[in-house]
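First up is the structure itself, then whatever we jot down about it.
Keep in mind the model is a prediction, meaning the values are calculated, not measured. Each chain gets a letter, A, B and so on, in the order its sequence line appears, and its residues count up from 1.
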2 protein chains.
Amino acid sequence: MRLGELSEASGISAASIKFYLRSGLLEAGDAIHPTRAAYGIRHVRRLRLIQGLRASIGLGLEDIRRIIDASAGADASAEQRLALLATVQSVVLGYRGDGVRESAAVDDLVQVMGWADEESGARAAVGEHLAVMEAAGVVTDPAVLASYARAADAIAEAQLAVTDVQESIEEFILTAAIGMHLHNQLILALVALAQASHSIRRYGAR
Amino acid sequence: MRLGELSEASGISAASIKFYLRSGLLEAGDAIHPTRAAYGIRHVRRLRLIQGLRASIGLGLEDIRRIIDASAGADASAEQRLALLATVQSVVLGYRGDGVRESAAVDDLVQVMGWADEESGARAAVGEHLAVMEAAGVVTDPAVLASYARAADAIAEAQLAVTDVQESIEEFILTAAIGMHLHNQLILALVALAQASHSIRRYGAR
DNA sequence: GTTGTTAGGATAGTTCTACTATCTCGTGAT
DNA sequence: ATCACGAGATAGTAGAACTATCCTAACAAC
């Protein structure tokens, strides 16, 4: 496959493909000779991944690069894919893993939910987030937190189910990232709906 | 207060304030004479709102303008503020209110949750979102959906509690928008944590 | 009353992101 | 022989959100 054909196969303009090549998001094709290179199915898959992460989730190229870099050494094993999933999550959620903060609220939550009691980036993120919310004066009573946790548990389970499906690593990432994003958006829509209902309950018709 | 003082009071550069004035995000001060204008506390509040929506939530100026426009005619009454809250929500969640789709799943959900059975933008959004997820091949079984709904209900309740606090309309918007955003981020962080736990449970230490 | 620093208003320039277009050169196919 | 096409490099574009510059008027100090 030459660049023009790759462009047709992926639906991405040749100019953009060149741009991705320059940016290092797409590896160069096998150079047949100085002015000709051959591209394969992995290039098409990579382009679909880039395009999907951009169009469906709105990730920037820097974030996409982070995910691609993490996927570089991963094989099809469950452990590797889960590690990759963690990376995807941290990118989609925008964590940059700065400070680790202890939190009694998080400890309680982990206990109550029966989650594995282990130090992780996610745990630090939750603790940090609660601190930010407290600082911002946003109330989070334990009952609400528990409710969130149950929803989160359900989402996590749904995500892990997807993990078992055997696909190319690119399809795996895309499925996981889009699933994550859609679940998130769904929750937000439900909150809006719940809020509309509560408003009507409280104050009659809007 | 003159422009320079407004800049100092708000911590926003005079050049940016001028930009906001040109953009129509900030109303002009009272013109004392051709080359001098006076600004008041409402200008400071408006700037804080703009800055807060941008810095804390990452909203674009167009979105901020939508919220500000909606707040223009609102008084301090509960009904007005709830309507305003709905606008803030639609902007933060990125709804543009296109097509209304009927959905049996949403009807069931509303029934089960005991939510007010009324047509709303949010209800259409949920239905539409479920359709998108189905189209994308993302699984959403009823149990997961119910779990989300309970979490959403809790969030909605927490948000409404904030509604009762009497503040300036700008502070009200900022509190609501930031609260909304933080609750959302919190859920995402919890999902990450839950997923990490499930991974550990399933595959041992990472 | 003159001079000089500053406010206000308008216009143009900058930075960042993600491309897109152009230009050149070397081939390979006709 | 020629001619279009691929590869590489460089420059241009568009939108968003500022930022800098310029000009004029006027208040403030001397």
**Asked** Rounding to a whole Å, what distance do you find between B:Arg2:CZ and D:dA25:C1'?
**Response** 14 Å
**Item:** SB check B:Arg150 B:Asp153 (cutoff 4.0 Å)
**Value:** no
**Message:** Strictly below 4.0 Å: does A:Tyr20 bring a side-chain N or O up to OP1 or OP2 of C:dC19?
**Reply:** yes
**Prompt:** Hey, are B:Thr87 and B:Ser90 close enough side-chain-wise for a donor-acceptor pair under 3.5 Å?
**Reply:** no
**Request:** List the steps and the verdict of side-chain contact (heavy atoms from CB on, under 4.5 Å) for A:Ile173 and A:Leu85.
**Result:** CA-CA 7 Å; A:Ile173 293 173; A:Leu85 206 60; over 6 Å; no
**Request:** Consider the side chain of A:Arg36, meaning its heavy atoms from C-beta on, and name the nucleotide among D:dA17, C:dG8, D:dC5 that approaches it most closely.
**Result:** D:dC5
**Request:** Rounded off to whole Å, could you give me the CD1-to-P distance for the B:Ile64 and D:dA17 pair?
**Result:** 8 Å
**Fill in**
Whole-Å distance, B:Phe19 CZ to C:dG13 P, equals 17 Å
**Under-4.0 Å salt bridge between A:Asp30 and A:Arg36** = no
**Request:** Report yes if a side-chain nitrogen or oxygen of A:Ser16 is closer than 4.0 Å to either non-bridging phosphate oxygen (OP1 or OP2) of C:dT20; otherwise report no.
**Result:** yes
**Request:** Could you check how far CG of B:Leu21 sits from P of D:dA17, rounded to whole Å?
**Result:** 16 Å
**Request:** Mind listing the residues from residues 41-59 of chain B sitting with a heavy atom below 4.0 Å of DNA chain C? Number order is fine.
**Result:** none
**Prompt:** Between C:dC19 atom P and A:Leu26 atom CG, what is the distance in whole Å?
**Reply:** 13 Å
**Request:** Looking at every strand, decide which applies to B:Ser23 at a 4.0 Å heavy-atom threshold: base, sugar-phosphate, or nothing.
**Result:** nothing
**Prompt:** Between C:dG8 atom P and B:Ile17 atom CD1, what is the distance in whole Å?
**Reply:** 10 Å
**Fill in**
Nearest-nucleotide check on DNA chain C, B:Arg22 vs B:Leu3; residue mapping nearer the 5' end is B:Leu3
**Prompt:** Taking the nucleotide of DNA chain C with the closest heavy atom to each, which residue, B:Lys18 or A:Gly60, is nearer the 5' end?
**Reply:** B:Lys18
**Message:** So, OP1 or OP2 of D:dC18: does either fall under 4.0 Å of a side-chain N or O from B:Ser13?
**Reply:** no
**Prompt:** Given D:dC5, D:dT19, C:dT20, which nucleotide is nearest the side-chain atoms of B:Ala15?
**Reply:** D:dT19
**Prompt:** Can a salt bridge be assigned to the pair B:Glu27 and B:Arg42 using a cut-off of 4.0 Å between side-chain N and carboxylate O?
**Reply:** yes
**Prompt:** If you measure from CG on B:Leu145 to CD1 on A:Ile187, what distance do you get to the nearest 0.5 Å?
**Reply:** 9.5 Å
**Prompt:** Rounding to a whole Å, what distance do you find between B:Glu8:CD and C:dT6:C1'?
**Reply:** 14 Å
**Message:** On DNA chain D, does the nearest nucleotide to B:Leu61 precede the nearest nucleotide to A:Ala37 from the 5' side, or the other way round? Give the residue.
**Reply:** A:Ala37
**Complete:** Between CD of B:Glu62 and C1' of D:dG15 the distance, given in whole Å, is 12 Å
**Prompt:** Is A:Arg81 close enough and on-axis enough to A:Phe172, meaning under 6.0 Å and within 45°, for cation-pi?
**Reply:** yes
